[in-house]
Amino acid sequence: MSATINGIDMEWREQGEGAAIVFIHGFPFNSAMWGPQLANLPPGWRGIAPDLRGFGASHGGTEDVYTMELFARDVAALLDHLGEDRVVVCGLSMGGYVTFEFLRLFPERVRGLVLCDTRASADSAEARAGRERQAARVLADNSVTEVIDTMLPRLISMTTRYSQPGVLELTRAMMKEAPPETMARALLGMAARRDSEPLLRNIDVPALVIVGAEDAITSRGQAEFLARGIRGARLETIENAGHLPNLEQPDTFNRILHAFLASLPLSVTAR
Ligand code: MLT
């Protein structure tokens, strides 16, 4: 589905009817990564998965940097367009950074949080410089090959690599679809993101933290930090999964997600 949102042609996938959960993809993927979740939503839930600005089928803007705030404002504008006021937000990795920004900007719109393979801290100076160098190279080469070559081997678990080659192929295909300028702008946006750790202690909605046991990009320690920092948060580790547990172990991921949705206060589903 598509519409003009915040001045860009934005595309999103959606499934189901009822209380809304918005799924925010990681870098440099698109809404296709939430296929197994949208296809298996529990009754009473409406799943909405946008292609963030410049990714998937959404058009890019004119900004030199896609900040996490810009992405969060795009998500909010899409929810306005869809008539959704309060939602559960589920973000993976960069989608988690966008989720923190959404929470900072629109706390009253968040009914629950699912934070997957992500972290609250800002980049270190070294990581920031690395992203800035990579963004410059992507633009200079006008190619995303370097990002794919450095990221892909670290994204999914060994188990997934050998037992589900289709997951690797889907991941590669999503990465290849991202235009160089989108990659560069999002890299700069992630480099510029602020530290969300101070936000954690103020979160007062139900929260679920998920991490793949073999995630080479977000450590279990970072997931534990999130779960410790958010009052009442639950931490779930998914075995035989790396950075993309929702694709690598969709049944386990969905079981955990559905149990969380079922545990939310009744007011969450009342409309
Ligand atoms: C992602 O999956 O969104 C990225 O690994 C996030 C990052 O590079 O920090």
Side-chain angles (χ1 to χ4, degrees), residues 22-34 37 49-56 58 65-72 74-75 89-102 114-138 144 146-157 160 167-168 170-178 180 182-197 209-212 214-223 225-226 238 241-248 253:
V22 60
F23 294 99
I24 308 181
H25 64 77
F27 170 92
F29 312 119
N30 58 59
S31 60
M33 67 166 282
W34 298 112
Q37 284 63 55
D51 284 340
L52 294 175
R53 184 176 285 252
F55 290 99
S58 287
V65 179
Y66 290 160
T67 61
M68 301 303 106
E69 175 174 345
L70 179 62
F71 285 143
D74 287 345
V75 172
V89 188
C90 173
L92 185 138
S93 201
M94 181 182 78
Y97 312 156
V98 177
T99 301
F100 285 124
E101 207 55 49
F102 188 92
V114 187
L115 297 163
C116 316
D117 302 81
T118 192
R119 55 182 172 261
S121 54
D123 276 356
S124 64
E126 193 188 346
R128 201 173 308 134
R131 289 208 210 258
E132 287 165 359
R133 281 195 301 272
Q134 191 167 45
R137 282 197 302 272
V138 166
V144 298
E146 183 204 316
V147 178
I148 298 180
D149 289 350
T150 49
M151 265 190 99
L152 196 57
R154 305 177 66 219
L155 277 172
I156 61 177
S157 71
T160 306
V167 171
L168 186 65
L170 170 64
T171 307
R172 191 198 309 274
M174 286 190 291
M175 297 174 91
K176 273 176 135 166
E177 237 181 85
T182 294
M183 284 231 191
R185 292 168 176 185
L187 279 165
L188 294 175
M190 288 193 287
R193 76 184 191 282
R194 49 186 144 181
D195 179 11
S196 293
E197 286 181 4
V209 178
I210 298 179
V211 66
E214 296 174 43
D215 190 337
I217 296 179
T218 316
S219 68
R220 195 185 142 86
Q222 284 163 323
F225 182 86
L226 282 185
I238 299 189
H243 193 54
L244 302 173
N246 66 305
L247 281 175
E248 301 181 58
F253 186 97

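Read the numbers this way: they start at 1 and go in the same order the structure lists the ligands and their atoms. Given the structure is predicted, the values throughout are model-derived calculations rather than measurements.
Formation of a donor-acceptor pair under 3.5 Å by the R185 side chain with backbone atoms of T182 is not found in this model. Listed for the E177 side chain is no donor-acceptor partner under 3.5 Å among the backbone atoms of M174. Using modelled atom types, one side-chain atom of E248 and one backbone atom of G242 make a donor-acceptor pair closer than 3.5 Å. In terms of modelled atom types and a separation under 3.5 Å, the side chain of D117 and the main chain of G212 share a donor-acceptor contact. In terms of modelled atom types and a separation under 3.5 Å, the side chain of Q37 and the main chain of N246 share a donor-acceptor contact.
Between F55 and H25, the angle of the ring planes goes over 60°, which puts this pair in the perpendicular group of the 30/60° scheme.
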Polar pairs, ligand 1 vs protein, N/O only, below 3.5 Å.
residue: ligand 1; atom: 2 (O); partner: F27; partner atom: O; Å: 3.4
residue: ligand 1; atom: 2 (O); partner: S93; partner atom: OG; Å: 3.0
residue: ligand 1; atom: 2 (O); partner: H243; partner atom: NE2; Å: 2.8
residue: ligand 1; atom: 3 (O); partner: F27; partner atom: N; Å: 2.7
residue: ligand 1; atom: 3 (O); partner: S93; partner atom: OG; Å: 3.1
residue: ligand 1; atom: 3 (O); partner: M94; partner atom: N; Å: 2.8
residue: ligand 1; atom: 5 (O); partner: S93; partner atom: OG; Å: 3.4
residue: ligand 1; atom: 5 (O); partner: H243; partner atom: NE2; Å: 3.4
residue: ligand 1; atom: 8 (O); partner: R131; partner atom: NH1; Å: 2.9
residue: ligand 1; atom: 9 (O); partner: Y97; partner atom: OH; Å: 2.5
residue: ligand 1; atom: 9 (O); partner: R119; partner atom: NH2; Å: 3.3
residue: ligand 1; atom: 9 (O); partner: R131; partner atom: NH2; Å: 2.8

